[in-house]
Amino acid sequence: MNDMGWLIVKALISAVVIVAVAEIAGRMPRVGALLLTLPIISILAFIMTWNKEHDMNSIAALARSALVLVPLGLPFFAPFALSAKTGLSFWPSFAIGVLLASVTIGAWFRFGP
């Protein structure tokens with residue numbers, strides 16, 4: 001399969017995973033949350049990177065960055081989790097979450113190693 005074919009396959013796999021998680025989360029929030037906490041995208045990214053590169057150094061670099069960036073992205077969830085107390089609806093919670101995660105991740109890109 002050529003590069004364009006693999007790109008399409010990867011996009012379709014990613015889309016199916018995202019839609020499936022969103023559908024499950026709408027029906028069963030706890031199961032949806034479980035799926036969100038699983039590193040499904042990371043697993044797919046590792047497999048796809050390995051299939052393309054066959055280079056453990058690339059995989060190791062990806063894993064090291066993910067170990068740092070996953071916790072730095074967690075502030076995104078705080079406004080949603082606190083929305084019952086703050087009275088924020090979806091879009092304000094979303095905007096604040098993106099802002100918080102952008103600040104923490106941006107600080108790492110600016111000041112990190």
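Residue indices begin at 1 and follow the sequence shown.
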State plainly whether one hydrophobic cluster holds both [X] and [Y], where clusters connect Ile, Leu, Val, Met, Phe, Trp and Tyr through side-chain heavy atoms under 4.5 angstrom apart.
X     : Y     : answer
Phe46 : Val70 : no
Leu72 : Leu99 : no
Val21 : Met48 : yes
Val17 : Ile24 : yes

Using every non-hydrogen atom in the two residues, find where [X] and [Y] come nearest and quote the distance to one decimal.
X      : Y      : value
Ile40  : Leu35  : CD1-O, 3.6 Å
Ile59  : Trp50  : CD1-N, 3.9 Å
Leu88  : Ser93  : CB-OG, 3.4 Å
Ser58  : Thr49  : CB-CG2, 4.3 Å
Ala101 : Thr104 : O-OG1, 3.0 Å

Point-to-point distance, once rounded to the nearest 0.5 Å, from [atom1] of [X] to [atom2] of [Y]:
X     : Y     : atom1 : atom2 : result
Asp3  : Lys10 : CG    : NZ    : 8.0 Å
Leu34 : Met28 : CG    : CE    : 10.5 Å
Leu67 : Leu62 : CG    : CG    : 10.0 Å
Thr86 : Ile96 : OG1   : CD1   : 7.0 Å

Please identify each residue that fulfils ring-ring contact (aromatic ring centres under 6.0 Å, His included) with Trp108, with sequence neighbours left out.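 Applying ring-ring contact (aromatic ring centres under 6.0 Å, His included) to Trp108 gives none.
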Under the ring-ring contact (aromatic ring centres under 6.0 Å, His included) test, residues paired with Phe90 that sit two or more places apart: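 Once residues adjacent in sequence are excluded, the partners of Phe90 under the ring-ring contact (aromatic ring centres under 6.0 Å, His included) criterion are Phe80, Phe94.
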Set out, in order, the CA-CA distance, both residues' side-chain angles and the distance that settles side chain to side chain contact (heavy atoms under 4.5 Å, CB included) for Leu12 and Ile8, then state yes or no. CA-CA 6 Å; Leu12 288 173; Ile8 292 169; 4.0 Å; yes
Within a reach of under 6.0 Å around CG of Asn2, are more than 12 heavy atoms found that belong to other residues, nucleotides or ligands?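 Yes - once you tally the heavy atoms of other residues, nucleotides and ligands closer than 6.0 Å, there are more than 12.
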Heavy-atom count around Trp6 CH2 within 6.0 Å, excluding the residue itself: above 12?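 Count not over threshold, so no.
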I'd like to check the salt bridge (Lys or Arg N to Asp or Glu O under 4.0 Å) partners of Glu53; sequence neighbours left out, ordered by chain and number. none
